[in-house]
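All values derive from a computational prediction rather than experimental measurement.
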Amino acid sequence: MNETEAIVNNASDLLLLGAEVRNVPLKEIAKRSLSGLRHQESDIELYEFLFGNVITFFEPKEFEDEVSSLVLPELVRFVDKIQNELQTNALSYFFVENLTLLQRLADVLAKLIDYLLAQAESYRLYRSLTVFPEYLLRCYTIVRKNYVSMAQEVEVLEAMKALYGVCKKILTAFLELLCPRDTPNRTAAGSYFRTIEKDDERECLEKVCTVLASVGNEISPIDSLLASDVWKSIVKLCTEHAEGQLCTDKRPTGWFGNVVVILNTGVEVSFQELQSKNEASKQATIALKLNAFCLRVMLKLLTLSRQRVSSDVYQSIIGTLLHIKTCLRTQTLPSELVAGIEQYLHVSYMAIVESSLRTDIFAKALVNCELSTIDDCHSYFNLVMHMIEQIVTYSNDNSLVLRYCVENNLLQKIANTIEHSGNLLLSGGTLYRQLLVHCSALVLMGFRLRNRTAQRAIEETLVGMVLQERYCIALLGIDLWSVLVRYHSTQLLYEYFVFWMRVNNEYAPSRTRPEHVYVRTLLRNLYVFLPGVQKEKLLTTYPIRNSENDRLWVTVGLPSTDSELMVHRQQPLASVEERLQTRLKQLQQPSQHLPHRVDAFYEMMNLLSIAKSQGGIVNMLREWSSLFAWEKILTNPCKASARMLEYLEGSHVPLDNILRRCNSLAVSRSSTYAKYRIVLLLERANTPPEAVFEALLNDKEPLIAAAAFHLLRKLNSKRQPAAIALITREPVLQSRLAALQKNVPGFHPVLPAEPAEPMAAVQHRCQPASAAESTADMTLIINSKIDELFPDDDDDDEDVDAIDFDALAENVSPKRRKLDPSRSANRILDELETQSEELAKLNQTHKLEITERARLTRIMAKMKRLLESE
């Protein structure tokens, strides 16, 4: 023994000993082996000697603890070195030689696995197992990455085929070792890890399953059957571990998540390859079926772990699902391939997320997933809406609702996603409406819990959505507030109204920042839903006679003429008129100090904004407007001048005198917004001043010039004297109008007319008609509605469509059907001629429009043709 120890100085001495190596201590064998491997970096003979001969001379457990656990990691590092060489210099002369080295290592591992199989009945050598999947993973990676590039090299191709064949034998034997099939010579039941109790044994199981999962991903594109066998073995090992009889609840299963992530990565890579190839082939169908099987494995592993995995696991699943949803929505692939992706991938992924809906881990992943593109945002909205539908299905589960309303604020995540989605909701068709419906369901479910914590969380989120600058977020927040107050108690509605009224009081009525506009819009919406009793309460609590309440009534306007408020209507109107007279007198006193005059000026504007639609204040508005030098107001860039122009536009004060006091030089120096407002004022004036009109027509701003020319065309069609005089003096305008009439016969403005009232997200359908509307205005409205229902193209000289007299006759009584067509036509013609004479008399004092005369002429001609045909 001492002589043997004396002559073993290095690894070469070990190789020379042969069978006498049994007399050398295991520690000495391990020491000399490691020293030789690390200095020489490659010694296949030593690996063959250790695991082909030496291992048989010693007790299996001792040899594993002293030698295998130290030498086998060196073997893995050696394979890593070969892999790196092949990746960095794949076309080198030593490519085949490296593959040959890997084959010799495969022979070593094949003998080792035969040894483990022989000892399986007596010993469980767990620490020796991890080398097999580590070696297989690297070899399969080499073959997969180099097979296409080396397909033209015959010698290399043959070497890779040989390596793949030996790896397949090792993998098959390794799976048989882990999960033996029911064969006569194998009497042991269960897998190789059926009796693990120690932490190091459990760690070995975790590593084997994790690396084996990567092996399954590598061979999936090559051999789908073998890959399915790998996943079946992993499922069996994980099932035995999770359902073990000893300490079932305490067994760690969090590492199942690592296997799931690896599996999901493989599915993601396979899906990307299907997209890149873009063909519906047999191989694509096989890949989809294998991925569907892998997703069933994923669902099984998540079920076994009882969803006790990290949030990153579900984030990876959600990320892949969003990519699949995007692919299905864009439909850039063949229809057969799209149908397969829907059947095998999308349905399976949706089953996974639906089964995980109740878990807190999934909820966190859903609200924390990262969205990098607008397509991801679109797919995320679709996924979230589906999840909300599932929550509605289980709405009786209060903990589930709390999880998504309070613990993981899904509504806030939706708002954040809108912020990064660009103009998706504006161009997404029905996407916004669908999202509004689902978010409304989420909000109402949260309030139905009668839980103050949930209510506060929803309120804070909705308030934050309104008090920011992003339009779509604020629009959704405003609409959600309207839904909430519509389906909740009126008392809560009043409290919310008071809250937003106080927020609105922090902003001046002239402020136009987005969040200020959103607050005013929301306040108007809430006011629409207030019952009449609560509106009366507002009038009593916040009377119009007090100036501190002006911001409220500027926003919502005077109370309507509802029956509940008829008694109280005169009182606020009288208060407005009284305050207007008081402030008007103060402004007419030049001795008053400037600060008081400024306060009176702004209060005057607030009062005019409150009652600008009331005819009783016209005289006061005329007197107020006469106090100002409008030339200076137009050239002043402050917001007050713009607001004064807005008030003039919405009021009933005569504009002729004010506009005539504005010379063309002052108009040309004013801001673009002021010029546009002046164009709108010119349309309402009885006799617009020609100098101002001409200055606007020649303005350098294309928008102003186009708006002024469009107004000139409208006034000319109405035979307005000022417009005719201007066109007569400037023949160029007449030629431009003629060219426009020729090129654009059906001219319509690109932008719709600005509404008289501010737009709101929720329009009240029961607003009464304004008292100031005259009968003539109502007639015009009715005529316009008739023209919409029965359009008449003035530029079309063709006959109108034939009238279906049979259909009309069905609704006529039998007596009325017995009419003489000739007598009826003569009577109609006589009446028409009588009306023509009346119109001719009227034409002496008022000229008909060209379109009206042409229409009348066509009607008479058609009636004459009708008579001649009879």
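A salt bridge is defined here as a Lys NZ or Arg NE, NH1 or NH2 lying under 4.0 Å from an Asp or Glu carboxylate O, and D375 with K325 fails to meet this definition. Looking at E515 and R513, a side-chain N of the basic residue comes within less than 4.0 Å of a carboxylate O on the acidic one, giving a salt bridge.
By the 6.0 Å and 45° rule, K537 stacks over the aromatic ring of Y494.
Summarising the geometry, atom OH belonging to Y349 is positioned 3.5 Å from atom CG belonging to N264; distances are rounded to the nearest 0.5 Å. From L301, atom CG reaches atom SG of C294 across 10.5 Å, with rounding to the nearest 0.5 Å. Between atom OG1 of residue T555 and atom CG of residue N504 there is a gap of 4.0 Å, rounded to the nearest 0.5 Å. Taken to the nearest 0.5 Å, the CE atom of M350 stands 5.5 Å off from the CD atom of E354. We find the CD-OG1 distance between E336 and T285 to be 9.5 Å, quoted to the nearest 0.5 Å. Within the model, atoms CG of N291 and CZ of F271 stand 10.0 Å from one another, a figure rounded to the nearest 0.5 Å.
Using a 4.5 Å heavy-atom cutoff, the side chains of M385 and L431 are in contact. Residues C327 and I341 have side chains in contact (heavy-atom distance under 4.5 Å, counting atoms from C-beta outward). The shortest distance between side-chain heavy atoms of K535 and Y527 falls below 4.5 Å. Looking only at side-chain heavy atoms (C-beta outward), V519 and R524 stay at 4.5 Å or farther from each other. Two residues are said to be in side-chain contact when any heavy atoms from C-beta on lie closer than 4.5 Å; I418 and L476 meet this criterion. Between M501 and Y542 there is a side-chain heavy-atom pair separated by less than 4.5 Å. When side chains are defined from C-beta on, M298 counts as touching I317, because their heavy atoms get closer than 4.5 Å. Counting heavy atoms from C-beta outward, Y404 and V367 have side chains that stay 4.5 Å or more apart.
Around the OH atom of Y471, the shell of radius 6.0 Å holds no more than 12 heavy atoms that belong to other residues, nucleotides or ligands. Other residues, nucleotides and ligands contribute only 12 or fewer heavy atoms inside 6.0 Å of the CZ atom of R486. In Y487, the OH atom is not crowded: 12 or fewer heavy atoms of neighbouring residues, nucleotides or ligands sit closer than 6.0 Å. Crowding of E548 atom CD: a count of heavy atoms from other residues, nucleotides or ligands under 6.0 Å exceeding 12.
Using modelled atom types and a 3.5 Å distance limit, the side chains of R329 and S379 yield a donor-acceptor pair. Under 3.5 Å, the side chains of T373 and D376 contain a donor-acceptor pair of N or O atoms.
Proximity of a side-chain donor or acceptor of R713 to a complementary backbone N or O of H710 within less than 3.5 Å is not detected. T320 contributes a side-chain N or O that, together with a main-chain N or O of S316, makes up a donor-acceptor pair within less than 3.5 Å.
Scanning for side chain to side chain contact (heavy atoms under 4.5 Å, CB included) contacts around A457 gives V406, with sequence neighbours left out.
Taking the six-membered ring where the residue is Trp, the centroids of H488 and F447 are separated by under 6.0 Å.
The only option from N416, N408, N409 that meets the side chain to side chain donor-acceptor pair (under 3.5 Å) definition with Q412 turns out to be N416.
Ring pair Y496/W481 is perpendicular by interplanar angle, where above 60° counts as perpendicular and below 30° as parallel.
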